[in-house]
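Heads up: the structure comes next, in structure tokens.
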Amino acid sequence: MWVLTPAAFAGKLLSVFSLPLSSLWRSLVLLFCWLRATFWLPGAKRTKKQLVLREPDKTKEEEEDPPLPTTATSVNYHFTRQCNYKCGFCFHTAKTSFVLPLEEAKRGLLLLKKAGMEKINFSGGEPFIHDRGEYLGKLVKFCKVELRLPSVSIVSNGSLIRERWFQNYGEYLDILAISCDSFDEQVNVLIGRGQGKKNHVENLQKLRTWCRNYRVAFKINSVINRFNVEEDMTEQIKALNPVRWKVFQCLLIEGENSGADALREAERFVISDEEFERFLERHKEVSCLVPESNQKMKDSYLILDEYMRFLNCTKGRKDPSKSILDVGVEEAIKFSGFDEKMFLKRGGKYTWSKADLKLDW
């Protein structure tokens, strides 16, 4: 339209001056009206159609990009809820005894790999309790050899691990994390980590040696609670020299360790944010310390339960999605409640393959 207007205007002007003088004034008035309509001079009445042409499409300009789909980069698979310890603050309790058949578990892991999984962490319950660790060992080997995952790790209380397991499966495992909340055996008993005559701290030291001998990166997880919040673990942690010391603030999860239908009552273990910060300050010289407050921890983990359902903790409880075996990873993960930004902020992605850690074995 605007390209043609100058030519049209020139034509109109020439036609006006070719008229007799008697018709000139009348033609000039008509020309002025045409100019007002064409160039929308101030005061001109605009039609609805003209407004649509002039107005920018604000809807398209202001429209935000859709959120990117969640990627299952790092997944925690709690394939069993059974455990031989009775930790009072446990947030994944023995509500069922179900364990997937091995081939079904492998099928689910293959789906996760295809969806972008780089790291799998096996946990429980106690993952070594089922089939004396053989089930776990076969999954570890499958993930490293067949799926070729960069990182395969385990979280365990360590009480059921035998050296033979390292001999059979150690080469396929990148990281073994052992839960240890105190270096005072009496405190461990109060927490629920006591098991008869076995000493949890002595067993921890034996596992550290096996990890070194069989080239598995050693990690320690500690839940800071009412019974250990005043403890100073600096010297013991430095002596054990783990690649990471994960320090969690005791967390309440409705239906697991809090509420009417929970198997644990963790309220008496809870500490304040200020108490947790004081514990961290006391251990600031420990270079491998990785702190996780309730805020960082709650929604920043992709958790699969024993049925391979993602567990959504955004409402303070574990609401399951449908199983990835039934609807696939892409559909199930939409209901995971996973906060990927917090996952990255808390350092969820790190050097997690033992081939890249360059450890002095």
Side-chain angles (χ1 to χ4, degrees), residues 74 76 78 85-93 121 123 155 157 177-194 200-201 204 219-259 262 264-303 311 313-318 337-350:
S74 176
N76 297 273
H78 296 249
Y85 276 10
K86 299 185 183 299
C87 302
F89 48 71
C90 180
F91 65 89
H92 200 73
T93 54
N121 179 56
S123 188
V155 174
N157 63 39
I178 301 298
S179 301
C180 180
D181 305 316
S182 175
F183 290 91
D184 182 334
E185 193 59 25
Q186 292 304 311
V187 174
N188 283 321
V189 172
L190 283 173
I191 289 172
R193 292 202 188 277
H200 189 75
V201 177
L204 178 71
K219 177 182 171 186
I220 297 176
N221 287 355
S222 299
V223 177
I224 309 309
N225 61 84
R226 179 58 51 206
F227 295 99
N228 66 1
V229 69
E230 301 301 332
E231 190 172 339
D232 188 341
M233 308 181 191
T234 303
E235 294 306 316
Q236 292 90 339
I237 294 295
K238 285 184 175 180
L240 287 164
N241 192 29
V243 292
R244 282 162 75 87
W245 179 32
K246 205 71 154 307
V247 174
F248 303 97
Q249 182 182 1
C250 183
L251 177 67
L252 294 179
I253 297 290
E254 183 183 341
E256 297 284 354
N257 61 13
S258 177
R264 297 285 190 275
E265 295 179 2
E267 286 82 359
R268 66 192 180 99
F269 291 89
V270 173
I271 59 172
S272 66
D273 293 343
E274 293 74 20
E275 288 174 307
F276 184 64
E277 288 300 322
R278 285 200 298 272
F279 181 91
L280 298 180
E281 177 66 22
R282 192 181 312 127
H283 296 86
K284 63 183 179 181
E285 294 182 3
V286 181
S287 60
C288 61
L289 188 152
V290 181
E292 286 194 16
S293 63
N294 288 172
Q295 182 184 9
K296 286 183 178 179
M297 180 170 49
K298 187 168 68 73
D299 302 323
S300 64
Y301 284 84
L302 272 175
I303 301 175
L311 297 178
C313 301
T314 55
K315 296 180 180 178
R317 59 178 186 266
K318 291 182 175 178
F338 179 56
D339 186 342
E340 197 160 9
K341 289 182 179 179
M342 183 58 77
F343 164 75
L344 295 172
K345 185 178 179 180
R346 69 167 172 81
K349 195 164 186 177
Y350 56 97

Would you please test Arg268 and Phe227 for side-chain contact (heavy atoms from CB on, under 4.5 Å) and show each step?
CA-CA 9 Å; Arg268 66 192 180 99; Phe227 295 99; 3.6 Å; yes
Could you grab the distance from atom OG of Ser272 to atom CZ of Arg278, nearest 0.5 Å is fine?
6.0 Å
Is there a donor-acceptor pair closer than 3.5 Å between any side-chain N or O of Ser222 and the backbone N or O of Cys180?
yes
For a quick test of reading the model, state the closest non-hydrogen atom pair linking Arg193 to Cys87 and the distance between them.
NH1-SG, 3.4 Å
What orientation do Phe269 and Phe89 show, parallel under 30°, tilted 30 to 60°, or perpendicular over 60°?
perpendicular
Separation of Leu240 CG from Ile178 CD1 (nearest 0.5 Å):
11.0 Å
What is the ring orientation for His78 with Phe91, classed by angle as parallel under 30°, tilted 30 to 60°, or perpendicular over 60°?
perpendicular
So, taking the atom named SG in Cys288 and the one named NZ in Lys238, what distance separates them when rounded to the nearest 0.5 Å?
9.5 Å
For the side chain of Asn76 and the backbone of Asn121, is there at least one donor-acceptor N/O pair under 3.5 Å apart?
no
Ionic contact status for Glu281 with Lys284, cut-off 4.0 Å:
yes
Please lay out, stage by stage, how Glu256 and Cys90 fare under the test side-chain contact (heavy atoms from CB on, under 4.5 Å).
CA-CA 7 Å; Glu256 297 284 354; Cys90 180; over 6 Å; no
Measure from the side-chain N and O atoms of Glu231 to the backbone N and O of Phe183, and report whether any donor-acceptor pair falls under 3.5 Å.
yes
Any donor-acceptor pair under 3.5 Å from Asp181 side chain to Val223 backbone:
yes
So do the side chains of Asn228 and Met233 get within less than 4.5 Å of each other, counting heavy atoms only?
yes
Nearest-0.5 Å distance, NZ of residue Lys246 to CD1 of residue Ile220
13.0 Å
In this structure, are over 12 heavy atoms from other groups packed under 6.0 Å from Lys86 atom NZ?
no
Residue pair Ser293, Gln249: steps toward the side chain to side chain donor-acceptor pair (under 3.5 Å) verdict
CA-CA 5 Å; Ser293 63; Gln249 182 182 1; 4.9 Å; no
Please lay out, stage by stage, how Thr234 and Asp232 fare under the test side chain to side chain donor-acceptor pair (under 3.5 Å).
CA-CA 6 Å; Thr234 303; Asp232 188 341; 2.7 Å; yes
I want to check something: taking the side chain as every heavy atom from C-beta on, are Lys296 and Met342 in contact at a cut-off of under 4.5 Å?
yes
Atom CD of residue position Gln295 - does it have more than 12 heavy atoms of other residues, nucleotides or ligands inside 6.0 Å?
no
Answer yes or no: is there a side-chain heavy-atom contact under 4.5 Å between Met297 and Arg346?
no
Any salt bridge between Lys315 and Glu254, counting N to O under 4.0 Å?
no
Glu275/Arg226 ion pair, N-O < 4.0 Å:
yes
Any idea which heavy atoms bring Gly337 and Thr314 closest together, and the distance?
O-CG2, 3.6 Å
Interatomic distance, Phe338 atom CZ to Leu302 atom CG [nearest 0.5 angstrom]
4.5 Å
Could you check whether any side-chain N or O of Asn294 sits under 3.5 Å from a backbone N or O of Leu252, counting only pairs where one atom can act as donor and the other as acceptor?
no
How far does CD1 of Ile253 sit from NZ of Lys318, to the nearest 0.5 angstrom?
6.0 Å
Closest heavy-atom contact between Val247 and Leu280?
CG1-CD2, 4.1 Å
Determine whether Phe343 and Ser74 satisfy the following criterion, side-chain contact (heavy atoms from CB on, under 4.5 Å), listing intermediate values before the conclusion.
CA-CA 9 Å; Phe343 164 75; Ser74 176; 3.9 Å; yes
Test your reading of the model: is there a side-chain donor-acceptor pair from His200 to the backbone of Ser179, 3.5 Å cut-off?
yes
side-chain contact (heavy atoms from CB on, under 4.5 Å) between Leu311 and His92: does it pass, once the steps are laid out?
CA-CA 11 Å; Leu311 297 178; His92 200 73; 3.8 Å; yes
